[in-house]
2 protein chains.
Amino acid sequence: MEWSIQDIARSAGTTSRTLRHYGEIGLLAPSRVGSNGYRYYDQDALVRLQRILLLRELGLGLPAIAEVLAGQRDTAAALRTHLDLLEQERQRITRQIASVRTTLEKTEGGQQLMAEEVFDGFDHTQFKDEVVERWGKDAYDKGDQWWGSLSDEDKRAHQQRQLDIAADFGRAHQAGLAPDSDVVQAITQRLHEWIGAAATVTKPYFVGLGEMYVADPRFTQNYDRHGAGTAELVRDAMKIYAERNL
Amino acid sequence: MEWSIQDIARSAGTTSRTLRHYGEIGLLAPSRVGSNGYRYYDQDALVRLQRILLLRELGLGLPAIAEVLAGQRDTAAALRTHLDLLEQERQRITRQIASVRTTLEKTEGGQQLMAEEVFDGFDHTQFKDEVVERWGKDAYDKGDQWWGSLSDEDKRAHQQRQLDIAADFGRAHQAGLAPDSDVVQAITQRLHEWIGAAATVTKPYFVGLGEMYVADPRFTQNYDRHGAGTAELVRDAMKIYAERNL
DNA sequence: GTAGAAGTTGACGCAACGTCAATGTCAAAC
DNA sequence: GTTTGACATTGACGTTGCGTCAACTTCTAC
């Protein structure tokens, strides 16, 4: 018993294009090819095709399916691996859904959808979790309120000040200045004032923030774009500043 | 204030390649291009980039983002549409996970992973409960025995007949034929004969089976993969057929 | 002056086919 | 014997969002 390409395509619920594709990639060859170039598939090919489609519906990739069918890989093992992937994927989407919901609430609350930058040139809402965890919800809310109270102009200016400070740290680092040098400590004071606009700065807060500048790449790059190692200079300078002044 | 491509890439947490891509597709043009071909981006471009990346992290496609940023589309509306998509996607993956789990259990139970299809293109042991409940244990045992008595060849042939019948129903539905049309009734007769091979077909049995085709998604999809609404056509056709012939 | 970092423009690759385009075959109808 | 229409073939591009060379030019710092 032998069928034409359309026949098996229809009976297996797929398309002739798909069969040709499987032929091309060596996943399912026709059992016979006529002198006219027509492909014909027999019983065995049909069975194989059905197994392929079954696995594909489970979401396996064609290369993975090929391995399983070639017996190079245990079906159960492949499925378990795949299951992990699927669960990760679901996790990701679940998180995305949560994010979209949050964003929707924001925009519907009349907020402009803009990357609001505070603290260090980033949308501070992005750091909500970290901030709340380290310094409590009050600290976050206070900073958030303060930020919201600024005009767009003020926001921009504030953000620009941070950029300038970062650039100055970069130049100091480039010049090889020490964290306890007067120049660096002067820049650090400006940083202190800048942060003080948004939050009450305590000693552990300031020191912790400095450590975060090094530990969290989102902050690190903010300084290190002015030269690798700048963030570390800033952290050390902040620690010294805190010891001396806070 | 102006930055090079690497500068904004780093500060926004993306790559220069991405920025060039956005330039190519017209999503974000550099604010200035030097005579040497270098791209430079200003404050406004940075803000725009940040909004783009924000939306992208929520999973929106670049064209959708372009519409939103162009003001052609309301952000909230776009997000709501997107939310629906995400939820569908999560549904799909959840179903896939369930399927993979089922398949895993089967293969670990030592069963051969093959599409054993009977009754309606499915592994009939999967429907044991329903069959026993509706038509009694005898009916199930009889069908099961009959099925077991077939050679693999015969099983295949029987299964193939069902697939052909389903495909024909699909084409009839696509053609807009009525359930009481001669063509559809002829297909239904073939279905009757096909079922008759396994079980004694009575009027309520036939009608009930038709209803199950619509009520149980495992059956429904078997027909509806040939076009949404096919299962309903089959049910109606079976009812009419039963009234006239059983 | 020269090295090395950073910039540029192509162009391919990925996953799994969908979708033309241009053309050849086959069975049935005229 | 020919025409027609359905079905077949082999390319080859399009899809999504960049990653990743490759080959070359430009800037920056010593």
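Protein chains get the first letters and strands the later ones, always in sequence-line order, with residue 1 at the start of each.
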*Round to a whole Å and report the spacing from CD of B:Glu24 to P of D:dT16.*
15 Å
*Between B:Val234 and B:Leu191, is any pair of side-chain heavy atoms under 4.5 Å apart?*
yes
*Side-chain contact, heavy-atom cut-off 4.5 Å: B:Tyr41 with B:Leu49?*
no
*Looking at B:Asn36, does any N or O in its side chain come under 4.0 Å of the phosphate oxygens OP1/OP2 on D:dT25?*
no
*Between B:Arg32 and B:Tyr40, is NZ or CZ placed under 6.0 angstrom from the six-membered ring centre and within 45° of the ring axis?*
yes
*Whole angstrom is fine here: how far is it from CD1 in B:Ile65 over to P in D:dT16?*
13 Å
*Would you indicate whether the side-chain heavy atoms of A:Arg20 and A:Arg39 approach each other to under 4.5 Å?*
yes
_Nucleic acid footprint by protein, nucleotides 2-7 of chain D - heavy-atom cut-off 4.0 Å, B for base, S for sugar-phosphate alone_ = -----B
*Would you say the side chain of B:Arg56 lies within less than 4.5 Å of the side chain of B:Ile65, judging by non-hydrogen atoms?*
yes
*Just how far, in rounded Å, is P of C:dC20 from CZ of A:Arg20?*
14 Å
*Distance in angstrom units between B:Glu2 CD and D:dC27 P, rounded*: 14 Å
*asked:* I need the A:Leu79 CG to B:Thr103 OG1 distance, nearest 0.5 Å.
replied: 6.5 Å
*Which parts of nucleotides 12-19 of chain C does protein reach within less than 4.0 Å, heavy atoms only, written one letter per nucleotide 5' to 3' as B for base, S for sugar-phosphate only and - for none?*
----BBBB
*Results of salt bridge (Lys or Arg N to Asp or Glu O under 4.0 Å) for A:Glu89 - residues two or more places apart only*: A:Arg92
_A:Leu27 side, atom CG; A:Leu69 side, atom CG - distance, nearest 0.5 Å_ = 6.5 Å
